[in-house]
Each structure stands twice: as structure tokens, then as C-alpha cells.
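Below: the structure, in C-alpha cells.
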Number of protein chains: 2
Amino acid sequence: MTSKLPPLSSLRVFEAAARHGSFTRASEELGMTQAAVSYQMKILEERVGTALFLRKPRQVSLTETGRRIAPVITEAFELLRSAFVMAEDSSQRLLSITAVTTFAASFLAERMGSFQIKHDDLAVRLDTSLPLVDFTREEFDVGIRSGGGSWDGLESHFLIPCDFTPLVNPELAESIGGIHQPSDLLKLPLVGISDPWWRSWFEAVGLPTDDLKCRQKSGMMLQLLEARAAEAGQGVAILTPAFFRDSLKRGTLMQPFDKLCRDEGYGYWLAYPKARRNVPKIKKFREWLLAEIKEFNAREEVIIQEMRDSGQLISL
Amino acid sequence: MTSKLPPLSSLRVFEAAARHGSFTRASEELGMTQAAVSYQMKILEERVGTALFLRKPRQVSLTETGRRIAPVITEAFELLRSAFVMAEDSSQRLLSITAVTTFAASFLAERMGSFQIKHDDLAVRLDTSLPLVDFTREEFDVGIRSGGGSWDGLESHFLIPCDFTPLVNPELAESIGGIHQPSDLLKLPLVGISDPWWRSWFEAVGLPTDDLKCRQKSGMMLQLLEARAAEAGQGVAILTPAFFRDSLKRGTLMQPFDKLCRDEGYGYWLAYPKARRNVPKIKKFREWLLAEIKEFNAREEVIIQEMRDSGQLISL
DNA sequence: CATAATGCATAAAATCTCCTTATGTATAGT
DNA sequence: ACTATACATAAGGAGATTTTATGCATTATG
């Protein structure tokens with residue numbers, strides 16, 4: 001039923017040759033030699049079983065059959081071309097981001113606007129529902145992940161480290177007469193008590209951790225919930241303060257100590273398939289994001305310095 | 001301007017894979033291995049810069065982009081296919097014959113009708129204006145030529161030999177008291193006096209040929225004119241009697257002697273490009289023509305025998 | 001729940017296609 | 001006649017495509 005097509009390469013050559021009425025001219029357009037065009041046309045004619053060109057003295061001209069199919073072939077190739085213009089267009093117009101919730105909510109949410117303004121030709125889809133996207137299975141362009149930053153087939157750029165320190169609602173802190181040393185924290189409920197970050201942090205400040213049971217998974221995914229709980233005064237949470245500058249500034253959260261712990265080697269990363277590193281929309285996003293991160297880090301330094309200077313942070 | 005197309009072979013594969021939603025199924029349709037399909041899709045996606053399929057557990061599905069271009073690609077391929085169906089159709093529907101005038105006028109003219117009836121799906125173009133067609137330069141399917149039967153790149157089938165003998169208008173013959181021996185012919189004007197056939201024939205019957213000047217070219221092309229002249233009583237012509245059975249039967253021409261000369265190895269041939277021997281319309285024509293020739297030869301034998309028997313032919 | 005079957009990916013090796021180079025032929029223009 | 005143009009052809013090689021063989025993940029089955 002599906003009548004077999006002639007070699008497609010010969011069709012492309014035919015299309016050009018028919019359009020120019022000249023093998024030489026066609027070869028120039030296609031960037032190949034005249035001999036190659038001649039060869040391809042021979043192949044094609046043999047395959048079709050009919051002459052498509054008449055070899056006149058110093059030129060070729062289409063036969064009846066050739067004249068009949070030429071416009072159809074040309075149209076078909078124009079369709080193909082248009083398909084790929086479409087493909088580029090459509091695939092360039094939508095940037096799909098999958099990001100871990102915390103990062104999306106605290107970092108991206110307030111900054112995507114600037115990206116949209118800068119690249120108003122790009123629509124953005126930001127999805128936080130999937131934990132660790134496999135780019136070959138899900139249709140995303142880039143991902144923001146937490147982890148070690150080394151994934152198979154993926155290019156990754158370090159964004160920010162997983163720093164953490166206890167944050168607490170100031171009123172809650174006041175209710176126990178303020179927090180002056182780490183052990184004061186134990187007077188309050190610990191939000192996310194099974195988060196391994198707690199153990200790390202307590203160990204780092206020299207407190208016993210025997211009665212802390214750690215869950216397997218890091219609480220990074222849950223930071224947002226824990227932060228809300230802490231803001232609501234339900235206890236102390238162990239969080240990445242950089243993500244909660246707003247709350248810290250507003251005063252719904254405070255950071256008692258300057259002691260930050262860090263998951264060494266772990267952090268937030270931008271990641272995308274290596275092979276697609278030069279796709280324009282990905283390039284645009286990468287450049288924008290890394291610039292934002294740079295600015296973000298610079299600001300963090302300033303803020304932390306200010307907090308130290310103003311005595312808001314108890315240095316341990 | 002002409003945005004470069006991805007490898008066309010990969011497009012064909014994509015078209016099938018998209019249609020089936022399965023690499024394995026596509027590979028079956030295309031008669032290649034599943035690995036090849038997988039490879040081609042990888043190539044294509046790299047080239048386009050976007051995933052076209054999502055690799056789900058036990059199946060693949062089109063991405064947004066893939067879904068967008070798939071129907072366009074399919075349409076393009078359908079166009080291509082249709083072009084070649086058209087090509088076959090159109091090239092199969094018209095049979096172009098180039099034939100030497102004599103053969104066309106005397107043999108084909110009265111028989112083409114039977115061919116048309118037998119193959120009423122075929123239109124026929126019969127052209128006698130070109131002497132020795134080069135099939136690479138002129139758009140003909142088959143040719144009927146006279147000559148040795150060995151042409152470069154052409155398949156050829158012997159049709160009938162170049163027999164010749166003098167023919168004359170019976171009334172003209174009567175005007176000199178009838179023709180009883182070859183030398184009687186000399187009493188009449190010889191039409192086409194410079195035709196080399198005259199020399200051959202006179203030599204064959206033992207008459208001196210000193211005063212005959214021969215032209216280079218055989219008169220085969222001119223037989224028709226000479227025949228008309230002879231019929232009109234303007235002289236004796238040297239002709240292929242098989243071509244003039246009508247006139248002989250009607251009595252506008254008569255053949256005085258049974259002595260036929262023959263250009264050995266020369267004759268009328270059916271010829272066409274070797275490569276096209278299996279093209280249906282050519283096959284049809286060949287088979288029809290060879291059958292007609294067979295029948296024609298059988299009839300000739302009968303006619304000649306009858307003429308001998310009835311004493312119309314003087315045996316030399 | 002273990003096992004088989006299905007569907008795709010990948011690596012290595014074998015082909016095979018297609019292109020180039022080099023040359024030949026025919027023709028048109030000078 | 002001579003030169004330039006346009007196409008054809010042959011040989012050789014580079015590269016693309018395909019196959020084979022295998023692995024992996026998932027679904028279906030006993």
C-alpha cells in the first residue's frame with residue numbers, strides 16, 4: 001500500500017535541479033558537486049523508471065513526468081521546512097522549568113517577573129510537583145534540583161549551598177525570655193524534629209543529640225511548611241535563612257545565631273541535558289539565573305554583615 | 001534562507017514512528033531494526049534541538065513539539081508519495097513512439113487501432129518526424145528504426161527484414177507490353193534512380209549497373225514517396241513489397257518478379273532503453289508488436305505462395 | 001512474588017550510500 | 001578552429017546508517 005519512496009536525498013536534489021533547470025546550479029545551491037547531482041538524478045530516474053530530465057546540449061529540461069511532479073515535490077519540501085520552523089518556534093517559545101518547591105517558592109517566585117520582562121517572547125511553565133525529573137521522560141527544559149550536582153547526561157550549575165540554622169518567631173522567642181545560647185532552643189518545640197539538619201546543627205554547636213531521631217530524607221522539600229509553622233509560632237525550625245529574607249526582614253522570623261551549617265557538596269543546582277546547552281531558551285535562562293544568583297549572593301553577604309554589625313546574630 | 005532540513009532519512013523514520021507511537025512498530029513498517037529507529041530518532045532530536053518523543057516505560061509518546069510537527073511531516077510524505085503515484089500514472093498512460101516513416105505509414109498506421117483497443121488505458125503518440133532518436137534527449141518510450149539492430153544502451157528486437165524488389169503500376173507496365181524480364185524495366189523511368197537498392201537488385205538478377213549512380217543513403221525513408229510516384233504511373237520503384245500489400249491487392253501496384261533482395265543484417269527494429277524493458281507500457285507494446293509481426297510474417301508467406309501459384313510472380 | 005515478555009537504548013562492527021576527484025563528451029560561442 | 005560550458009561516468013573513500021548483540025526498566029503472567 002505504502003508505495004516505496006525513492007531515496008529521499010535524491011528527491012531533495014531533484015527539487016533543486018528542477019527549480020533551477022540546471023544540475024550545476026542545483027549543485028551550487030546544495031553545496032555539492034555537479035557530479036553528485038548528476039549521480040543522484042540517475043539514481044532517481046532508475047528508481048522511478050522514467051526519465052525526469054531531457055539532456056539537451058548544454059542544459060537539462062524536465063520531461064513531461066518531471067514537470068508534473070516537480071511542483072509537488074517542491075511543495076512537500078516546503079512543508080517539511082515549515083514543520084521545522086514551527087518546531088523551532090514552538091519549542092523556543094515555551095520554557096518549562098521543574099524546580100524543588102523551596103527554591104521555586106522562595107527564590108524564583110519573586111524573580112521570574114524580571115525574567116519574563118527581559119524575555120517577553122518566552123512563555124514560562126514552572127512546575128514544582130515532580131521531585132527529581134528525568135528529562136527523557138518528562139517534558140522539561142531545565143530543572144532546579146538539590147543534591148550533589150552530578151547527574152548522568154546533565155549539565156549542572158551550582159546555585160546556592162544548603163546552609164541551615166534555626167529560625168524562630170521573635171514573639172515565641174520572647175516567651176521564654178529570649179534566646180541567648182543554643183540550649184535555649186530546647187525549651188521550644190522543634191519543628192521537623194526528625195530533620196537530620198537538627199542533629200548536624202546541634203553537633204556543630206556542641207550540644208548532645210542523643211534524643212534526636214533522624215529521618216532518612218533531608219527536609220529540604222518541606223522547608224516551606226516548616227517555615228510557615230515557625231512563623232506561626234509553633235516552634236523553632238531549621239531552615240536556609242537565605243530563602244527567608246522576607247520573613248526575617250518583616251520580623252515574622254528571626255535568626256538567633258550566626259552559626260550556619262552546610263551540607264558540603266550539596267546544594268541547589270540548575271540542571272539540563274548536556275546536549276541542549278546551546279538551545280537559545282536554555283541559554284537565556286541559564287544566563288539570567290546565574291546573574292541573579294550572583295547578585296543574590298552579593299546581597300546575602302551584605303545582609304549578614306549588617307546583622308552581625310547590629311548584634312542581631314549571636315556569634316558562636 | 002533555506003533553513004537546513006534535518007537528515008531526510010530520519011524524517012521518514014520519524015513519520016512512521018509518530019504514526020505508530022512505537023519505535024518497534026515503525027521499524028517493522030520500514031523494514032529495519034528497532035535499533036536503527038532509535039538511532040535515527042536520536043539523530044533527529046539532536047538536530048532539531050528538542051525532544052520529539054518522551055521515553056515512557058514501555059512506550060514512547062510525542063512531546064508537544066513532536067505532536068505539532070508530526071502531522072505536517074506526514075502530510076509532506078503523503079505529498080511525495082502522491083507525486084510518484086502521479087509520476088507512474090502519467091508516465092504509464094502515454095506511450096510515445098518514434099518510428100521511421102515507412103514503417104509507421106504502412107505497418108503501424110493500420111494496426112495501431114488494435115493496440116488501442118487492447119490497451120484502452122494507454123494513449124499513444126506516434127511521431128515520424130525524427131530520424132534516429134536519442135532516447136536521452138527526446139521524450140520517447142520506444143522507437144522503430146531501421147539499421148543493424150545494435151545500438152548502445154538499447155534493447156532491440158528484429159521486426160522485418162529490408163526486402164526490396166521493383167514495383168510498378170500495372171497500366172504503366174502494360175504500356176510497354178508487360179514486364180517479362182528484368183531488362184524490360186529499363187524501358188521505364190526508374191523512380192529513385194540513385195537508390196542503392198536498384199544497383200543491388202540489378203546485380204542480383206545479372207544486369208549491368210554501370211550507369212546507375214548511387215546515393216549514399218538508403219532510400220528507406222523515402223519509400224512512401226517513391227511508392228506514390230510509382231502508383232501514379234511515373235515509373236518503377238524499388239520497394240519493400242510487404243509494406244504495400246494494400247496497393248498490390250488493389251492493383252495500383254504490381255510486383256513483376258519474385259526476386260527479393262535483402263540488406264543482410266539490416267532491417268526494421270523495435271528499440272528502447274535497456275533499463276526500461278520492464279516498464280509496463282513498454283512491455284505491452286513490445287508484446288503486442290512482436291505478436292503482430294509474427295502474424296504479419298505468417299500472412300506474408302501465404303501471400304507470396306499464392307502469388308507464385310497464380311503465376312503473378314515471374315520466378316527468376 | 002518470581003519469571004517471562006515487551007519496548008527502548010547503546011556499543012561495536014559491518015555495510016552501504018553518497019560524495020568527490022578526475023576525466024570525457026558534446027555543444028555553443030568567439 | 002578554439003575555448004568555455006554543462007552534463008556523464010568511473011574510481012575511490014569518508015561517513016552515515018544498519019545490524020547484531022546486549023542491557024535495562026517495566027508490565028504481564030503463572
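Protein chains get the first letters and strands the later ones, always in sequence-line order, with residue 1 at the start of each. These numbers were taken from a predicted model, which means no experiment stands behind them.
For the residue pair A:Q34 / A:T24, no side-chain donor-acceptor distance below 3.5 Å is found, with atom types taken as modelled. A donor-acceptor pair shorter than 3.5 Å can be found between the side chains of A:R125 and A:S96.
Between A:K56 and A:S9, the one whose closest nucleotide on DNA chain C sits nearer the 5' end is A:S9.
Counting any heavy atom pair closer than 4.0 Å across all strands shown, A:V60 reaches sugar-phosphate atoms only and no base atom. When heavy atoms are screened at a 4.0 angstrom cut-off, A:T24 is found touching the sugar-phosphate backbone but no base atom.
Rounded to whole Å, the distance from NE2 on A:H20 to P on D:dA6 is 13 Å. Put simply, CG on A:D152 is 15 Å from P on C:dA9, counting in whole angstrom units. Here C:dT21 presents its C1' atom at 12 Å from CD of A:Q34, a figure rounded to the nearest Å. If you take CE of B:M41 and P of C:dA9, they are 10 Å apart, rounded to a whole angstrom. A:L54 places its CG atom 15 Å from the C1' atom of D:dA6, with the value rounded to the nearest Å. The separation between A:E28 atom CD and D:dT5 atom C1' is 12 Å, rounded to whole Å. To the nearest angstrom, P of D:dA16 lies 15 Å from CG of B:L44.
Across every non-hydrogen atom of B:F23 and B:A17, the tightest pair is CD1-CB, 4.1 Å.
With C:dT20, C:dC8, D:dT20 as the candidates, the nucleotide lying closest to the side chain of A:T33 is C:dT20. Minimum atom distance to the side chain of A:Y39 is reached by C:dC18, of the listed C:dC8, C:dC18, C:dT20. For B:A36, the side-chain atoms get nearest to D:dT19 when compared with the rest of D:dT17, D:dT19, C:dC8. Closest to the A:F23 side chain, of the nucleotides D:dT18, D:dA8, D:dT17, is D:dA8. Of the candidates C:dA9, D:dA6, D:dT18, the closest approach to any side-chain atom of B:M32 belongs to D:dT18. Side-chain proximity of B:R137 to D:dA6, C:dC8, C:dA26: nearest is C:dA26. Nearest to the side-chain atoms of B:S38 among the listed nucleotides C:dT10, C:dT20, C:dC18 stands C:dT10.
Taking side-chain N and O atoms only, B:K42 has no distance below 4.0 Å to OP1 or OP2 of C:dA9. Look at A:R55 and you'll find a side-chain N or O under 4.0 angstrom from OP1 or OP2 of D:dA8. Under 4.0 angstrom from either OP1 or OP2 of D:dT18 there lies at least one side-chain N or O belonging to B:Q40.
Using modelled atom types, one side-chain atom of A:E45 and one backbone atom of A:F53 make a donor-acceptor pair closer than 3.5 Å.
If you look at A:H157 and A:Y268, their ring centroids are not closer than 6.0 Å.
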